[in-house]
Amino acid sequence: MIPIRFDTAVVLYLLAVLAVIVAAGVYNAIRRWAMRVEPTPTRIFRCARCAHAYLDAHDLELARCPRCGTENEPQRI
Ligand SMILES: [Zn+2]
């Protein structure tokens, strides 16, 4: 067994606890970074023919209604 002074043992214990806390923080930061969600530019459309409301993430001026096929402009909010 290695002889060690009491104050050295306390410092080593505190450093070990600090290392565990830092490791948990890094692990949590990596998890948050891996689970991030990028917002997509989604626009709301309302069909002028059948009044169906729908979303479209494509960057187009007109989007085709999924029910009747009419092309519509995005709604201004
Ligand atoms: Zn429609």
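Every number for a ligand or one of its atoms is a count from 1 in the order of the listing. We number each residue from 1, following the sequence as shown.
When atom types are taken as modelled, the side chain of R36 and the backbone of W33 share a donor-acceptor pair closer than 3.5 angstrom.
Nearest heavy-atom pair across F45 and D56 is CE1-CB, 3.4 Å.
The Zn ion (ligand 1) has C47 SG, C50 SG, C65 SG, C68 SG as protein N, O or S atoms under 2.8 Å away.
Between D7 and V11 there is no side-chain heavy-atom pair separated by less than 4.5 Å. The shortest side-chain heavy-atom distance between C65 and Y54 falls under the 4.5 Å cut-off.
Contacts classified as side-chain hydrogen bond (donor to acceptor under 3.5 Å, both in side chains) and involving residues 59-70 (residues at least two apart or in different chains) are given here: H52-R67, R64-E71.
In this structure, OG1 in T8 is found 6.5 Å from CG in L12, a value given to the nearest 0.5 Å.
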